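Following: one structure in structure tokens, then a few remarks.
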Amino acid sequence: SSDLECTVGGKIMAFPWDAAPSALFYRTDIFKAAGIDATTIKTWDEYIAAGKKIVASTNGKVKMIPIDMKGDDPMYRQFMNQLDSFYFDKDGKTVVSGEKSIKAMTLEKKMNDAGIVYNNDGWDSLVTATKTGLVATVPFGAWWAGTLQDQCKDSSGKWAIIPLRSEEHTSELQSQP
């Protein structure tokens, strides 16, 4: 017998515990001060260029994106999802050393090398950086809006959302695994 809550008739039946559309949450005041219209950014390369402009316009105080460079990073998972991949392929084999995973990691490295990354250390650091205005954007699941409302009251009215950027100039919202 199994104590798993996701078994039915002795078979594992489950649905991912966290599935939500993702979006790019951004600080309208920071973008405006830097002279950037966020809605015109269509690709990750354009996003990186805008990030460099934001970092420069704030004398390095504000970074474009929070990425946990040493831990379990949600951005890697979102990049993988945009590439129609994840940790495992359909046969259950790991794909971490595969082409799409390397492409996702390369994008994170490119952002870090460009100087636009705020290296947050887990959830508390992410919330603190958002609350204190150290990041201009947070690409995350739609539920992040609740975190902004609950934890970032001082920046109320300064946040907007747009679809995640991509290489293919797509504008659909991506789901967050």
Side-chain angles (χ1 to χ4, degrees), residues 1-26 38-39 41-48 63-112 116-131 135-153 159-177:
S1 80
S2 174
D3 292 334
L4 294 175
E5 292 180 20
C6 59
T7 59
V8 175
K11 294 182 180 181
I12 295 176
M13 305 292 272
F15 186 77
W17 68 274
D18 184 10
S22 288
L24 183 66
F25 294 82
Y26 72 97
T39 64
I41 302 170
K42 303 298 181 202
T43 68
W44 287 116
D45 283 340
E46 292 170 358
Y47 176 85
I48 292 169
K63 301 292 185 174
M64 185 67 150
I65 185 170
I67 295 180
D68 188 344
M69 298 301 286
K70 297 178 190 167
D72 178 30
D73 179 51
M75 280 313 307
Y76 168 76
R77 294 192 306 266
Q78 287 193 60
F79 294 152
M80 286 290 283
N81 191 53
Q82 281 191 309
L83 296 167
D84 196 27
S85 187
F86 205 55
Y87 298 124
F88 304 97
D89 67 13
K90 63 182 175 152
D91 299 320
K93 295 179 182 164
T94 59
V95 297
V96 177
S97 62
E99 178 184 338
K100 291 179 179 181
S101 178
I102 291 170
K103 193 172 188 176
M105 287 185 252
T106 300
L107 180 55
E108 282 200 7
K109 181 179 184 321
K110 188 175 184 180
M111 290 177 175
N112 192 50
I116 68 166
V117 170
Y118 175 84
N119 186 12
N120 68 286
D121 183 18
W123 177 259
D124 291 342
S125 177
L126 169 62
V127 172
T128 300
T130 306
K131 190 175 185 174
V135 292
T137 71
V138 180
F140 233 148
W143 49 264
W144 182 251
T147 302
L148 292 175
Q149 290 171 339
D150 293 342
Q151 300 292 321
C152 305
K153 292 178 175 36
W159 288 93
I161 60 171
I162 54 175
L164 288 178
R165 311 301 77 195
S166 78
E167 289 183 34
E168 292 80 24
H169 296 276
T170 58
S171 60
E172 314 80 45
L173 289 176
Q174 304 291 326
S175 66
Q176 177 189 348

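The structure displayed is predicted, hence computed values, not measured ones.
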Please check this pair: side chain of [X] against backbone of [Y], looking for a donor-acceptor N/O pair closer than 3.5 Å.
X      : Y      : result
Asn119 : Met69  : yes
Asp68  : Asp121 : no
Gln151 : Lys131 : no
Asp89  : Asp91  : yes
Lys100 : Leu83  : yes
Thr94  : Phe88  : no
Asn120 : Ser125 : no
Glu46  : Lys42  : yes

With rounding to the nearest 0.5 Å, note down the distance linking [atom1] in [X] to [atom2] in [Y].
X      : Y      : atom1 : atom2 : result
Ile65  : Tyr26  : CD1   : OH    : 16.0 Å
Met111 : Ile116 : CE    : CD1   : 5.5 Å
Ser85  : Lys103 : OG    : NZ    : 11.5 Å
Asn81  : Leu164 : CG    : CG    : 9.0 Å
Ser22  : Trp144 : OG    : CH2   : 12.5 Å

Q.
With side chain to side chain contact (heavy atoms under 4.5 Å, CB included) as the criterion, how do Ile48 and Leu107 come out once you've worked through the C-alpha distance, each side chain's angles and the decisive distance to 0.1 Å?
A. CA-CA 10 Å; Ile48 292 169; Leu107 180 55; 4.2 Å; yes

Q. What's the verdict on side chain to side chain contact (heavy atoms under 4.5 Å, CB included) for Val127 and Thr147, showing C-alpha distance, side-chain angles and the deciding distance?
A. CA-CA 8 Å; Val127 172; Thr147 302; 4.1 Å; yes

Q) Taking it one step at a time, do Tyr87 and Ser101 satisfy side chain to side chain donor-acceptor pair (under 3.5 Å)? A) CA-CA 8 Å; Tyr87 298 124; Ser101 178; over 6 Å; no

For the student: nearest non-hydrogen atoms of [X] and [Y], plus distance:
X      : Y      : value
Pro139 : Leu24  : CG-CD1, 3.5 Å
Trp159 : Ala136 : CZ3-O, 4.2 Å
Glu108 : Phe79  : CG-CE1, 3.5 Å

Q: Kindly check if the number of other-residue, nucleotide or ligand heavy atoms within 6.0 Å of CG (Asp150) is above 12?
A: yes

(Q) Could you walk me through whether Thr137 and Phe25 satisfy the side chain to side chain contact (heavy atoms under 4.5 Å, CB included) test, starting with their C-alpha distance in whole Å, then the side-chain angles of each, then the deciding distance to 0.1 Å, before giving a yes or no? (A) CA-CA 5 Å; Thr137 71; Phe25 294 82; over 6 Å; no

Q | Val138 side chain near Tyr118 side chain, heavy-atom distance below 4.5 Å | A | no

**Q.** Close side-chain approach of Leu148 and Thr130, heavy atoms under 4.5 Å
**A.** yes

Q. Do you see a donor-acceptor pair shorter than 3.5 Å between the side chains of Gln82 and Trp44?
A. yes

Q | Aromatic plane relationship, Trp143 with Phe140 - under 30° parallel, 30 to 60° tilted, over 60° perpendicular | A | tilted

